[in-house]
Amino acid sequence: MTGTSGGPRPARGRAVASTPWIVVFTGVVVMVVLLVIALSTYRGRSPDAEVPLVANGAPVPTPPWPSASSTEPATAGPTGGSPRSPSPTPERSTSSPTPTARSASPTASPAATRSSAPRPQASTSPSAAPAVTGRYAVTGSFNGGFIGEVHVVNSSRAPQDWEVRLAFSGGRLVTAWVANAPQGTLRESGGGYTYTGDTALAPGTSVRLMFHVERADEEPVTCTVNGVTCVRS
């Protein structure tokens with residue numbers, strides 16, 4: 001028994017061990033053959049061999065193929081179906097151009113244009129400057145009184161008569177005179193004093209009316225020349 005167990009293994013065991021590789025190789029060969037047959041059968045079929053049918057048995061109309069003169073090639077759909085129809089090329093219009101709206105719309109008449117334009121408003125000119133004006137000033141002060149003057153100016157282009165009206169708070173106007181000119185008339189009335197010039201003032205000339213006032217404020221209550229308020233120097 002010792003000699004039997006130590007001897008070589010029988011050949012039947014090696015044949016059984018190599019049997020699975022033969023089975024696998026045989027299966028691969030069979031699959032390759034089946035794949036070749038399937039590919040040859042698919043290539044042999046014509047796309048026009050079968051016509052799809054609708055429910056009532058009538059064939060489905062296929063879209064027209066593009067003509068040879070078309071510049072855009074037909075493209076097949078994503079599923080390999082019938083090719084798409086090329087988009088039609090727009091034709092140039094040979095008709096005459098449509099007249100513009102300017103020729104149809106009437107031109108506005110001059111009368112309508114004048115009526116729609118805003119009319120300028122009449123400008124209001126400022127009031128004319130007075131022809132004769134006066135400027136009041138105090139020329140000297142002393143204990144119990146002061147000496148004042150009204151400078152009368154004719155700014156117009158014509159001779160002007162003139163009259164000065166003076167009023168003070170308290171005190172009295174002692175006398176009034178015109179320097180280097182014919183004297184006029186001084187009179188007291190209505191709580192004030194009025195001096196009227198003897199001669200008219202020539203255009204662009206002036207006179208100085210001087211007056212002596214006692215115990216009164218140097219700022220007059222009233223000072224006008226021909227009704228126009230004097231300017232304070």
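Computed from a predicted model, the values in this text were never measured in an experiment.
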Backbone N/O of [Y] and side chain of [X]: donor-acceptor pair under 3.5 Å:
{"X": "Asn154", "Y": "Thr205", "result": "no"}
{"X": "Gln160", "Y": "Pro203", "result": "no"}
{"X": "Gln183", "Y": "Ala181", "result": "yes"}
{"X": "Asn226", "Y": "Val132", "result": "no"}
{"X": "Tyr193", "Y": "Leu173", "result": "yes"}
{"X": "Thr185", "Y": "Thr196", "result": "no"}

- Note on the structure: Exactly one candidate in Val231, Val150, Val153 meets side chain to side chain contact (heavy atoms under 4.5 Å, CB included) with Val225; the answer is Val150

- Message: Between Trp162 and Val207, is the side chain to side chain contact (heavy atoms under 4.5 Å, CB included) condition met? List the steps.
- Response: CA-CA 10 Å; Trp162 57 279; Val207 295; 3.8 Å; yes

- Mind checking whether Met210 and Phe142 sit in one hydrophobic cluster, side chains of I, L, V, M, F, W, Y counted as touching below 4.5 Å? yes

Working to the nearest 0.5 angstrom, can you tell me the gap between [X] [atom1] and [Y] [atom2]?
{"X": "Trp177", "Y": "Leu186", "atom1": "CH2", "atom2": "CG", "result": "11.0 Å"}
{"X": "Ser189", "Y": "Arg165", "atom1": "OG", "atom2": "CZ", "result": "4.5 Å"}
{"X": "Asp161", "Y": "Leu201", "atom1": "CG", "atom2": "CG", "result": "8.5 Å"}
{"X": "Arg215", "Y": "Ser169", "atom1": "CZ", "atom2": "OG", "result": "13.0 Å"}
{"X": "Tyr195", "Y": "Thr175", "atom1": "OH", "atom2": "OG1", "result": "8.5 Å"}

Check [X] against [Y] and note the closest heavy-atom contact, atom names and distance.
{"X": "Ser141", "Y": "Glu218", "answer": "OG-OE2, 2.6 Å"}
{"X": "Ala216", "Y": "Gly171", "answer": "CB-CA, 4.1 Å"}
{"X": "Val178", "Y": "Pro182", "answer": "CB-O, 4.1 Å"}
{"X": "Ala167", "Y": "Gly192", "answer": "CB-CA, 4.2 Å"}

- Item | All pairs passing salt bridge (Lys or Arg N to Asp or Glu O under 4.0 Å) where residues 181-202 contributes a residue, at least two apart |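 Residue pairs with at least one partner in residues 181-202: Glu163-Arg187.
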
- Query: Which salt bridge (Lys or Arg N to Asp or Glu O under 4.0 Å) pairs, counting each pair once, include a residue from residues 168-183, with sequence neighbours left out?
  - Reply: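 Output for this query lists Arg172-Glu214.
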
- Partners passing side chain to side chain donor-acceptor pair (under 3.5 Å) against Ser233 (at least two apart in sequence or in another chain): none

- Task: Classify the angle between the aromatic ring planes of Tyr136 and Phe168 as parallel (below 30°), tilted (30 to 60°) or perpendicular (above 60°).
- Result: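 Aromatic pair Tyr136/Phe168 classed tilted.
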
- Task: Determine, stepwise, if the pair Ser206 / Val152 fulfils side chain to side chain contact (heavy atoms under 4.5 Å, CB included).
- Result: CA-CA 5 Å; Ser206 63; Val152 182; 5.9 Å; no

